[in-house]
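These notes are about the structure you will find just below.
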Amino acid sequence: MRFVPKPIRLALCLSLWLAPVWGATLELLSVNDLIAKSTAIVQGQVTASSTVLKGAVIYTDYKISVIQQWKGAAKGSMDVLVPGGTANGTRQTFPGAPQLSPGQQYMLFLWTSSKGATTTLGFTQGVFNLSSDASGKTTASQMPTTETMLAPGTGQVVNSQPISMPLAQLVSQITAGGAK
């Protein structure tokens with residue numbers, strides 16, 4: 001066996017140790033966290049999408065028609081930016097970033113930056129699909145994620161369990177300020 005110089009062995013060990021850091025890591029957010037940390041909470045329908053290049057990052061700009069709003073400045077429509085998309089023949093993807101479908105209704109927990117860009121809070125954690133059954137009851141189901149989640153405060157890796165509940169229950173929790 002040939003001798004491997006110490007700096008190369010060190011670099012290999014360091015690269016193996018840091019490999020998990022390259023994946024997306026998100027803090028697990030409860031419904032109460034989503035309510036408290038959001039700058040806007042809306043029920044809306046995706047009407048269109050396009051891609052936007054900002055610096056070296058490609059974003060998908062979703063046009064949302066607001067059906068109902070519980071938090072934030074009242075708007076009839078809004079733009080929600082999600083990192084990832086295709087522009088000029090280049091595709092970028094971001095682990096944990098939601099993909100919204102035109103025509104679909106969602107409950108969105110949003111955060112607006114100081115520069116005015118609105119995004120979903122906690123990537124997929126801030127997006128609940130809305131679906132109705134034959135009796136007309138609407139269920140809000142959080143988008144699932146396979147990304148690494150960390151427990152708030154401890155940094156321990158935890159399994160994400162997507163939240164699903166009747167829309168009326170979610171709205172009640174929002175209007176109560178996340179007290180449930």
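Remember, it's a predicted structure, so these values are computed and weren't measured experimentally.
When every heavy atom of Glu147 is checked against every heavy atom of Pro95, the shortest pair comes out as OE1-CB, 3.2 Å. Closest heavy-atom contact between Met107 and Ile41: SD-CG2, 4.0 Å. Shortest non-hydrogen contact noted between Glu27 and Gln125 is O-NE2, 3.1 Å. Nearest heavy-atom pair across Leu28 and Asp33 is O-OD2, 4.0 Å. Nearest heavy atoms, Ser132 versus Thr138: OG-OG1, 2.9 Å. The minimum heavy-atom distance between Trp111 and Leu121, with the atom names listed, is CB-CD1, 4.1 Å.
The CG atom of Leu108 sits 10.5 Å away from atom CD of Gln69, with the distance rounded to the nearest 0.5 Å. The distance from the CG atom of Leu81 to the CG atom of Leu110 is 11.0 Å, given to the nearest 0.5 Å. A distance of 10.0 Å separates OG in Ser49 from CD in Gln99, rounded to the nearest 0.5 Å. Note that CZ of Arg91 is 6.5 Å distant from OG1 of Thr93, once rounded to the nearest 0.5 Å.
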**OP:** Carefully, step by step, assess Asp61 and Thr51 under the rule side chain to side chain contact (heavy atoms under 4.5 Å, CB included).
**Re:** CA-CA 6 Å; Asp61 180 0; Thr51 54; over 6 Å; no
**OP:** Kindly indicate, with the supporting measurements, whether the criterion side chain to side chain contact (heavy atoms under 4.5 Å, CB included) is fulfilled by Thr120 and Phe109.
**Re:** CA-CA 6 Å; Thr120 59; Phe109 294 82; over 6 Å; no
Original post:
Could you walk me through whether Ser135 and Asp133 pass the side chain to side chain donor-acceptor pair (under 3.5 Å) check?
Top reply: CA-CA 5 Å; Ser135 68; Asp133 62 17; 2.7 Å; yes
**OP:** Please test Thr39 against Lys71 for side chain to side chain contact (heavy atoms under 4.5 Å, CB included), starting from the C-alpha separation and ending with a verdict.
**Re:** CA-CA 7 Å; Thr39 57; Lys71 190 173 182 180; over 6 Å; no
Original post:
side chain to side chain donor-acceptor pair (under 3.5 Å) between Thr118 and Thr112: does it pass, once the steps are laid out?
Top reply: CA-CA 4 Å; Thr118 300; Thr112 302; 2.8 Å; yes
Subject >> Derivation of the side chain to side chain donor-acceptor pair (under 3.5 Å) call for Gln105 and Gln43 >> reply: CA-CA 7 Å; Gln105 282 192 30; Gln43 178 182 345; 2.9 Å; yes
Original post:
After noting the C-alpha distance and the side-chain angles of Leu34 and Phe128, does the key distance pass the side chain to side chain contact (heavy atoms under 4.5 Å, CB included) rule?
Top reply: CA-CA 11 Å; Leu34 290 168; Phe128 286 72; 3.9 Å; yes
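By the 4.5 Å heavy-atom criterion applied to side chains, Tyr106 and Asn129 are counted as neighbours. Between Gln142 and Thr124, the closest side-chain pair of non-hydrogen atoms is not below 4.5 Å. For the pair Val31/Leu170, a side-chain contact is recorded, criterion being any heavy-atom separation below 4.5 Å from C-beta on.
Under 3.5 Å, the side chains of Gln173 and Asn32 contain a donor-acceptor pair of N or O atoms.
Both Val82 and Val66 sit in one connected hydrophobic cluster of ILVMFWY residues. Membership requires side-chain heavy atoms under 4.5 Å apart, directly or through other members. Under the 4.5 Å side-chain contact rule for hydrophobic residues, Ile174 and Leu29 share a cluster. Linking ILVMFWY residues whenever their side-chain heavy atoms come closer than 4.5 Å, directly or via other members, leaves Val171 and Ile64 in distinct clusters. Connection of Tyr59 to Met78 is not established within any shared hydrophobic cluster, with ILVMFWY side chains joined at heavy-atom distances below 4.5 Å, either directly or through further cluster members. Ile58 and Tyr62 are assigned to two separate hydrophobic clusters, defined by single-linkage of ILVMFWY side chains at heavy-atom distances under 4.5 Å.
Thr175 places a side-chain N or O within 3.5 Å of a backbone atom of Ser172 that can act as its donor or acceptor partner. The backbone N or O of Pro102 lies less than 3.5 Å from no partner atom in the side chain of Gln45, so there is not a single donor-acceptor pair. The main-chain N or O of Gly84 is found under 3.5 Å from a side-chain atom of Thr60 such that the two form a donor-acceptor pair.
Atom CD of Gln104 sits in a crowded spot, with more than 12 heavy atoms from other residues, nucleotides or ligands closer than 6.0 Å.
Between Phe123 and Phe94, a ring centre-to-centre spacing not shorter than 6.0 Å is recorded.
Qualifying side-chain contact (heavy atoms from CB on, under 4.5 Å) partners for Thr47, counting only residues two or more places apart in sequence or in other chains: Lys63, Ser65.
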List the atom pairs, with distances to 0.1 Å, where a side-chain N or O of residues 154-166 and a protein N or O form a donor-acceptor pair under 3.5 Å, not counting sequence neighbours.
unit_1, atom_1, unit_2, atom_2, d
Thr154, OG1, Gln156, N, 3.2
Ser164, OG, Ser141, OG, 3.1

